[in-house]
Amino acid sequence: MDQSKTPLFDAMVSLAESRKVSFHTPGHKSGKGISTRFRKFVGPRVFSIDLTCLDEVDSLQKPRGVIKESQELAAEIYGADQSYFLVNGTSGGNQAMVVASLNPGEPVLVTRNVHKSVISGMIMTGCQPVFIPFRTEHGASFPLNYGTRDILDSIDRHSEIRTLYLTSPNYYGVTIDLVRVAEAAHAKGMRVLLDEAHGPHLHFHPELPSSGMAAGIDLAVQSTHKIIGGMTQASMLHARKERIDLDRLSTVLRYLQTTSPSYILMASLDLARMQMATEGVKLLGRALELARWARMKIREIPGLRCANRTEIQAMSGGENDLDETKLTIDVRGWGVSGYQVSQRLNLEFGIQVEMADIDHVLVIVSIGDHRGDLERLVNALVALSRENHRQASRSPVPSMVFFDNLLRMTPREAFFAQHETVPLEDSTGRIASDIVTVYPPGVPLLVPGEEITAPVIDTLCRFRDSGATMDGLDMTNRFIQVVKDHGSGK
Ligand SMILES: Cc1ncc(COP(=O)(O)O)c(C=O)c1O
């Protein structure tokens, strides 16, 4: 296929230029009814391609025309049998993957560092998660990803389970050895599902870790909008048909996705795929160069650390790799929190980072960055480093840890059980009924059905008190929802 083609976008432009009279949705009628302020700011043209399902531009619910062709181009370049455009991000994709692949009560072998959308998919289906234990004793200040041996051991121990669910890269850009894991899982008759939200670009540059599809994964979802040219919410799902029921997957996507998908979001997927296929190596090569330069400069700044690829590989005993476009800057040497550094970068230097946690700020370098942007970041960090920071001791324990909590009910049972709200500090021994995360990265510290322990409460309090955004507690972040009359001693 000709990867320079953009069938969906071309059809949208040609329909917009034909200036047909619209008596259909959207109600703004090519922008004529839109607020003047909005039109003045963004210009009139964008509204002319805010379309709905029409013969000329096909339908995402049942693609037979230009959307089908655009999805086929994506499938070809990513090496999938079928690719799907998603308009509710990778969150929607994770939910669809779970609902399409697992039946009520069916076990799934899953890493504990999953995004909360995987857990919400489990609540929808009633499947039974079997979490793979997560080791943290590798000496990194942030969570690396799962080691190959830990996953292979779990595959051996649970060889009756038919589905393995992984996340790679994680938020910090750390990847799993997907080639070895997929080989081992397939040998046991397991299919492998992958949350690759942070990896839509990996397929397009040889110096990046392997992509899921290249590694033989059966189903992988990617946030095209996070790293390459998709607009916010635009993701893609890639499937291989050998172990995945594509008919059931298409049905689930029809159920879970809106019947009014944004054509602007879908066009951005069409164009992002074309851009990666035709210029990916050049654009990503430049992003890698910038990221390497910035990492080198940041490592020279007193008090800061920023692990490089070789160090991550060494710390993980060669079992993890790093996407070098992610810079995780460890600020513990300044005796301040990542949240404080993030806030100062924003308010004093006009620099917004992807995320902060207690010990780090995380920077994404992408095809949209220029040398000047990275110079501005480095100069701001140099300026902050000139202040008299007290020399803080570095804790050997990563601030963000995922606990191997005891799962006493399935997420679905706990979610639908009667619940009550109790003070967080008094909840030891109770069973969580909501997903509790620190956001970002949005990885659950508690999954519905899990027993709440003192170390989890301590961690939640520590993050809350240091200014993290908490998700799954009440508005004051002091109360938690638990299953009623379960584990309360009543
Ligand atoms: C690992 C992971 N999966 C899924 C998601 C959700 O992706 P989206 O924002 O595209 O819905 C995120 C978001 O941060 C994530 O980090």
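All of these numbers come straight from a predicted model, not from anything done at the bench. Only heavy atoms go into these numbers, but all of them, side chains included; no hydrogens, no water, no symmetry mates. Ligands are counted one by one from 1 in listed order, and the atoms in each one are counted from 1 as well.
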message: Regarding Arg292 and Glu289, does a basic nitrogen lie under 4.0 Å from an acidic carboxylate oxygen?
response: no
For ligand 1, protein residues within the heavy-atom limit of under 4.0 Å are Gly89, Thr90, Ser91, Asn94, His115, Thr167, Tyr171, Asp195, Ala197, His198, Ser223, His225, Lys226, Ser235, Tyr439
In short, salt bridge (Lys or Arg N to Asp or Glu O under 4.0 Å) pairs touching residues 468-481 with sequence neighbours left out are Lys116-Asp471
Subject >> salt bridge (charged side-chain N to carboxylate O under 4.0 Å, His left out) assessment of Asp270 paired with Arg273 >> reply: CA-CA 5 Å; Asp270 197 21; Arg273 182 270 313 149; 3.0 Å; yes
Find out whether the Lys NZ or Arg CZ of Arg112 is both under 6.0 angstrom from the six-membered ring centre of Phe131 and within 45° of the ring's axis. yes
Exercise. Charged N to carboxylate O under 4.0 angstrom, Arg286 versus Asp369?
Worked result: no
inquiry  = Centre-to-centre under 6.0 Å for Tyr78 and Phe204, is that the case here?
reply    = yes
